[in-house]
There are 2 protein chains.
Amino acid sequence: MPAMDEVFKALADASRRSLLDRLHARNGQTLNDLCDGLAMTRQAVTKHLAILEAANLVTTFRHGREKLHYLNPVPIHQIGERWIRKFERGKLTALSELKRQLEKRDE
Amino acid sequence: MPAMDEVFKALADASRRSLLDRLHARNGQTLNDLCDGLAMTRQAVTKHLAILEAANLVTTFRHGREKLHYLNPVPIHQIGERWIRKFERGKLTALSELKRQLEKRDE
DNA sequence: TTGACATGCAACCATTTGGTTGCCTATCAT
DNA sequence: ATGATAGGCAACCAAATGGTTGCATGTCAA
């Protein structure tokens with residue numbers, strides 16, 4: 001069970017989010033598949049994938065000399081459920097307080 | 001309009017997420033309010049708050065010599081809507097592909 | 001078996017990050 | 001006015017991050 005902190009850290013990098021996007025578009029890609037079109041060496045991509053795998057956002061299977069990468073949407077879902085939702089409750093309250101302060105500014 | 005990347009980066013740090021938690025628990029706190037109990041200097045907290053403010057996750061108002069910090073839940077909500085939701089669609093598909101691969105492993 | 005392909009490992013590098021200390025400025029209360 | 005309180009600024013530092021290059025290993029196909 002990877003800590004939520006690992007997931008947040010993994011999602012903090014735009015290259016890694018774009019790798020997740022690519023897997024979302026087409027699941028089960030090899031390392032080389034994921035490399036092409038990117039302005040990065042294969043080794044850099046490997047490192048990013050390792051971080052995504054450690055955060056459990058990506059799961060891999062060896063198939064001969066190929067390593068297939070699959071998106072695991074569960075941790076993303078959990079961020080939504082366990083973290084973002086918390087801030088949705090009370091969102092209107094927070095916003096109305098903000099508004100009240102903005103108006104008080106001109107007193 | 002702060003780029004979503006800034007928001008993700010701001011959320012990547014546990015100390016910053018805990019500052020948001022504190023504001024969620026009680027909105028409109030001063031810098032010193034937010035400092036106490038934390039194992040960090042005031043200046044470190046200032047830097048974190050600056051990053052949260054740049055990402056538009058926190059808005060501030062001066063009131064005399066005090067600076068009041070308010071949570072802005074909008075960017076968090078947008079991460080949920082614009083990013084996380086995208087991966088919820090197709091979540092079941094992705095999971096069933098994962099399952100299929102896991103089973104294929106034992107052939 | 002031998003070359004080509006897919007990936008792994010390790011050392012190295014520059015920059016960013018999260019934190020510190022020291023000092024300065026502004027505001028409030030007496 | 002003056003001390004205490006709230007915050008700001010800047011320089012500095014160690015460690016983490018994102019990337020590179022070079023070489024090694026494992027696997028497939030002819």
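By convention in this document, chain letters (A, B, ...) are assigned in the order of the sequence lines, proteins followed by strands, and residues within each chain are numbered from 1.
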Distance-only polar pair, side chains of A:Thr59 and A:Glu53, donor-acceptor under 3.5 Å: no
I'd like to know if the side chain of [X] and the backbone of [Y] have a donor-acceptor N/O pair within less than 3.5 Å.
X: A:Arg16; Y: A:Ala10; value: yes
X: B:Asn72; Y: B:Asn56; value: yes
X: B:His48; Y: B:Arg17; value: no

Partner of A:Leu34 under side-chain contact (heavy atoms from CB on, under 4.5 Å), chosen from A:Arg26, A:Arg42, A:His69: A:His69
Dump every N/O contact between nucleotides 26-30 of chain C and the protein below 3.5 Å, one line per pair.
unit_1	atom_1	unit_2	atom_2	d
C:dT27	O2	B:Arg65	NH1	3.1

Using whole Å, report how far [atom1] of [X] lies from [atom2] of [N].
X: A:His69; N: C:dG8; atom1: NE2; atom2: C1'; answer: 12 Å
X: B:Glu66; N: D:dG8; atom1: CD; atom2: C1'; answer: 16 Å
X: B:Asp13; N: C:dT17; atom1: CG; atom2: P; answer: 11 Å
X: B:Asp5; N: D:dT17; atom1: CG; atom2: C1'; answer: 14 Å

Sub-4.0 Å heavy-atom contacts from residues 36-48 of chain A onto DNA chain D, ordered by number: A:Met40, A:Thr41, A:Gln43, A:Ala44, A:Lys47, A:His48
Angle between terminal axes - the helix from C:dT1-D:dA30 to C:dT30-D:dA1, 5 pairs each end, rounded to 10°: 20°
5' precedence on DNA chain C between A:Asp33 and B:Lys9 (nearest-nucleotide basis): A:Asp33
Side-chain N,O (B:Asn32) to OP1/OP2 (D:dT5) below 4.0 Å: no
A:Ile51 with A:Tyr70, same ILVMFWY side-chain cluster at under 4.5 Å: no
Proximity to the side chain of A:Thr30 - top-ranked nucleotide from D:dG7, C:dT7, D:dT17: C:dT7
Closest non-hydrogen atom pair, B:Gly28 against B:Leu68: O-CD2, 3.5 Å
Separation between CD of B:Glu6 and CG of B:Leu52, rounded to the nearest 0.5 Å: 11.0 Å
B:Trp83 and B:Phe8 aromatic ring geometry - parallel, tilted or perpendicular at 30°/60° bounds: perpendicular
Salt-bridge present (B:Arg22, B:Asp33; N to O < 4.0 Å): no
Residues B:Asp13 and A:Lys9 bridged, charged N to O under 4.0 Å: no
